[in-house]
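Notes follow once the structure below has been shown.
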Amino acid sequence: MKKTSLIIASLLTLSLVIGLAIQVRNYYDNTYAASKAYTRAPLKVPNREETKDDSGKVIKGSYSYQYHFKFVTAEGHEKNISFELSGENVTPFKPGEFLEAEVSNTRVIYGPTKVDESDVPQKLLKILNKFK
């Protein structure tokens with residue numbers, strides 16, 4: 001009886017560990033696994049606002065621009081991701097300029113940075129030109 005209980009407890013523990021590992025992997029893939037993507041800055045520059053921390057307290061001397069980008073990956077998948085550009089002497093992106101970034105499913109990991117139109121893959125230009 002003890003041996004059976006020990007086997008059942010071991011199998012349940014193993015199942016929980018495997019389930020947890022799968023959840024951690026899915027979270028990592030969604031949040032941090034990045035791929036190169038391209039977008040265009042919106043034609044209307046967002047309002048300049050005082051930067052606020054996570055608790056809503058204003059950060060003195062820091063300003064932000066809230067962007068809502070539609071990125072396109074090299075495979076042609078579209079991802080809608082919000083991005084806050086902030087700092088003491090921050091300048092907004094120029095309207096309509098092409099941007100490149102490393103993005104996951106939920107956030108911008110690196111960038112966005114300005115790129116020339118010639119640096120954007122040809123097959124993505126047709127999609128990005130619709131974002132004007």
If you group Ile, Leu, Val, Met, Phe, Trp and Tyr by side-chain heavy-atom gaps below 4.5 Å, do Tyr110 and Val115 land in one group?
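No; tracing contacts between hydrophobic side chains, which count when under 4.5 Å, never links both residues.
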
Does some side-chain heavy atom of [Y] sit less than 4.5 Å from a side-chain heavy atom of [X]?
| X | Y | answer |
| --- | --- | --- |
| Phe93 | Pro112 | yes |
| Glu49 | Gln66 | yes |
| Leu99 | Tyr38 | no |
| Lys52 | Lys57 | no |

Minimum heavy-atom separation for [X] and [Y], please, with both atom names.
| X | Y | value |
| --- | --- | --- |
| Asn105 | Asn30 | ND2-OD1, 2.7 Å |
| Val45 | Pro95 | CG2-CG, 3.8 Å |
| Glu97 | Lys94 | OE2-N, 3.0 Å |
| Leu124 | Val72 | CD2-CG1, 3.6 Å |
| Glu84 | Ser64 | OE2-OG, 3.3 Å |
| Thr73 | Lys79 | CG2-CE, 3.9 Å |

Nearest 0.5 Å, please: how far is [atom2] in [Y] from [atom1] in [X]?
| X | Y | atom1 | atom2 | answer |
| --- | --- | --- | --- | --- |
| Ile109 | Ile81 | CD1 | CD1 | 8.5 Å |
| Arg25 | Gln23 | CZ | CD | 13.5 Å |
| Arg48 | Leu85 | CZ | CG | 11.5 Å |
| Ser82 | His68 | OG | NE2 | 4.5 Å |
| Asp119 | Lys114 | CG | NZ | 9.0 Å |

Are the side chain of [X] and the backbone of [Y] linked by a donor-acceptor contact shorter than 3.5 Å?
| X | Y | result |
| --- | --- | --- |
| Ser104 | Thr31 | yes |
| Thr51 | Tyr63 | yes |
| Lys123 | Glu75 | no |

Is Asn89 atom CG crowded by more than 12 heavy atoms from other residues, nucleotides or ligands, each under 6.0 Å away?
no

If you measure only the distance, is there a donor-acceptor pair under 3.5 Å linking the side chains of Asp53 and Ser55?
yes

Residues 1-18 side chain polar contacts: donor-acceptor under 3.5 Å, at least two apart:
{"unit_1": "Ser5", "atom_1": "OG", "unit_2": "Met1", "atom_2": "O", "d": "3.2"}
{"unit_1": "Ser10", "atom_1": "OG", "unit_2": "Leu6", "atom_2": "O", "d": "2.8"}
{"unit_1": "Thr13", "atom_1": "OG1", "unit_2": "Ala9", "atom_2": "O", "d": "2.8"}
{"unit_1": "Ser15", "atom_1": "OG", "unit_2": "Leu11", "atom_2": "O", "d": "2.9"}

Mind checking what makes side-chain contact (heavy atoms from CB on, under 4.5 Å) contact with Leu125, not counting sequence neighbours?
Phe98, Glu117, Val120, Gln122, Asn129

Check the angle between the aromatic planes of Tyr32 and Tyr27 and answer parallel, tilted or perpendicular using the 30° and 60° thresholds.
perpendicular

How are the rings of Phe69 and Tyr67 set relative to one another: parallel (under 30°), tilted (30 to 60°) or perpendicular (over 60°)?
parallel

Residues which pass salt bridge (charged side-chain N to carboxylate O under 4.0 Å, His left out) with Asp54, listed by chain and number, not counting sequence neighbours:
none

